[in-house]
Amino acid sequence: MELLGEIAVGRPLLVLAVKEEAHYLDTDLPVLLTGMGKVNAATALATVLARGPRPSGIVNLGTAGALRPGWTGTHVVGTVVQHDLDGELLATLTGETYGAPLALPDGGDVVLATGDAFISDEAARARLAERAPLVDMEGYALAAAAGLAGVPLRIVKHVSDEAGDGAARSWRESVAECARALADWAEANTPYHS
């Protein structure tokens, strides 16, 4: 976890997983680098929110794999789901609901599936494509932490790969282009400079 800048009341916090995704950000806004995966994302965001002050909102910028053909470019997410938590089984065991889908304010109808596995095989891609068009490793965890803290969150993902065979190579080759697109989106859609 690394916080670049200082969080201020009335200004948003930009949250990204890794420095490669943040490479082209040139902003006065604070930037939190959480590390990859749900645990890193949730604990990093919860830590900075608990320390205070609280930002006016959180904008998660990051890369995502496309689970369905034709998905490219930058997308604002409307709903996040966990793909690696068997909520139905847990409900039968405990009677409690765990990991229900989370709707985000200002989001559209794009669904993002979050899990700790980097999806890089065709079978996993096909299975997940039934639930969502995009996949990442942090979105759901950030939405859960922000929701518990009462801070609004927007999730913005740029497609880096096709989440199938060769996805790891594709991510490495495309992350710089994705970082540029994410920085451009942030500059056009946030109070990027004070």
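Evaluation of the side chain to side chain contact (heavy atoms under 4.5 Å, CB included) rule for Ala129 yields Leu67, Arg68 as partners, not counting sequence neighbours.
Between Leu49 and Ala146 the shortest heavy-atom distance is CD1-CA, 4.5 Å. Contact record, Ala41 with Ala141: CB-CB, 4.2 Å, taken as the closest heavy-atom pair. Counting all heavy atoms, side chain and backbone alike, Pro12 lies closest to Ser56 at N-OG, 3.3 Å. The nearest pair of heavy atoms linking Val110 to Val76 is CB-O, 3.7 Å. The shortest non-hydrogen separation linking Asp28 to His193 is OD2-CA, 3.5 Å. Of all heavy-atom pairs spanning Gly139 and Val80, the tightest one is C-CG1, 4.3 Å.
Put simply, the side chain of His75 never gets that close to the backbone of Val159: no donor and acceptor are under 3.5 Å apart. With Asn60 contributing its side chain and Val15 its backbone, the two residues share a donor-acceptor pair below 3.5 Å. A distance-only check finds a donor-acceptor pair linking the side chain of Ser174 to the backbone of Ser160 [under 3.5 Å]. With Arg11 contributing its side chain and Pro191 its backbone, the two residues share a donor-acceptor pair below 3.5 Å. At distances below 3.5 Å, not a single donor-acceptor pair connects side-chain atoms of Arg154 with backbone N or O atoms of Leu61. Panel note: side chain Asp116, backbone Lys38; a donor-acceptor pair is recorded below 3.5 Å. The backbone N or O of Tyr192 lies less than 3.5 Å from a partner atom in the side chain of Thr27, making a donor-acceptor pair. Using modelled atom types, no side-chain atom of Arg131 and backbone atom of Val81 make a donor-acceptor pair closer than 3.5 Å.
Annotation: salt bridge (charged side-chain N to carboxylate O under 4.0 Å, His left out) contacts involving residues 132-147, sequence neighbours excluded, comprise Asp136-Lys157.
In summary, of the residues considered (Leu112, Leu102, Val111), a side chain to side chain contact (heavy atoms under 4.5 Å, CB included) with Val77 occurs for Leu112 alone. Test Glu21, Glu177, His158, Glu20 against Thr63 for side chain to side chain donor-acceptor pair (under 3.5 Å) and you get one pass: Glu21.
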side-chain contact (heavy atoms from CB on, under 4.5 Å) for Met137 and Asn40? Distances and angles first, verdict last.
CA-CA 10 Å; Met137 297 176 69; Asn40 286 330; over 6 Å; no

Run Leu25 and Leu16 through side-chain contact (heavy atoms from CB on, under 4.5 Å) and show every step you take.
CA-CA 11 Å; Leu25 291 176; Leu16 299 94; 3.7 Å; yes

Could you walk me through whether Leu33 and Val31 satisfy the side-chain contact (heavy atoms from CB on, under 4.5 Å) test, starting with their C-alpha distance in whole Å, then the side-chain angles of each, then the deciding distance to 0.1 Å, before giving a yes or no?
CA-CA 7 Å; Leu33 302 175; Val31 175; 4.1 Å; yes

Could you go through the side-chain contact (heavy atoms from CB on, under 4.5 Å) check for Lys19 and Glu2 one step at a time?
CA-CA 9 Å; Lys19 66 181 182 294; Glu2 183 178 4; over 6 Å; no

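The cluster map of Ile, Leu, Val, Met, Phe, Trp and Tyr, joined by side-chain heavy atoms under 4.5 Å apart, puts Ile58 and Ile155 in the same cluster. In the hydrophobic clustering of this structure, Leu142 does not group with Leu182; members are Ile, Leu, Val, Met, Phe, Trp, Tyr whose side-chain heavy atoms approach within less than 4.5 Å, directly or through other members. Both Val151 and Leu3 sit in one connected hydrophobic cluster of ILVMFWY residues. Membership requires side-chain heavy atoms under 4.5 Å apart, directly or through other members. Put simply, Leu32 and Val156 are part of two different groups of oily side chains (I, L, V, M, F, W, Y) that touch within less than 4.5 Å, one to the next. Note: the hydrophobic cluster containing Tyr140 also contains Leu13 (ILVMFWY, side chain heavy atoms under 4.5 Å, direct or indirect links).
Note that OG1 of Thr79 is 6.5 Å distant from CG of Leu104, once rounded to the nearest 0.5 Å. Note that the CD atom of Gln82 and the OG1 atom of Thr114 stand 7.5 Å from one another [nearest 0.5 Å].
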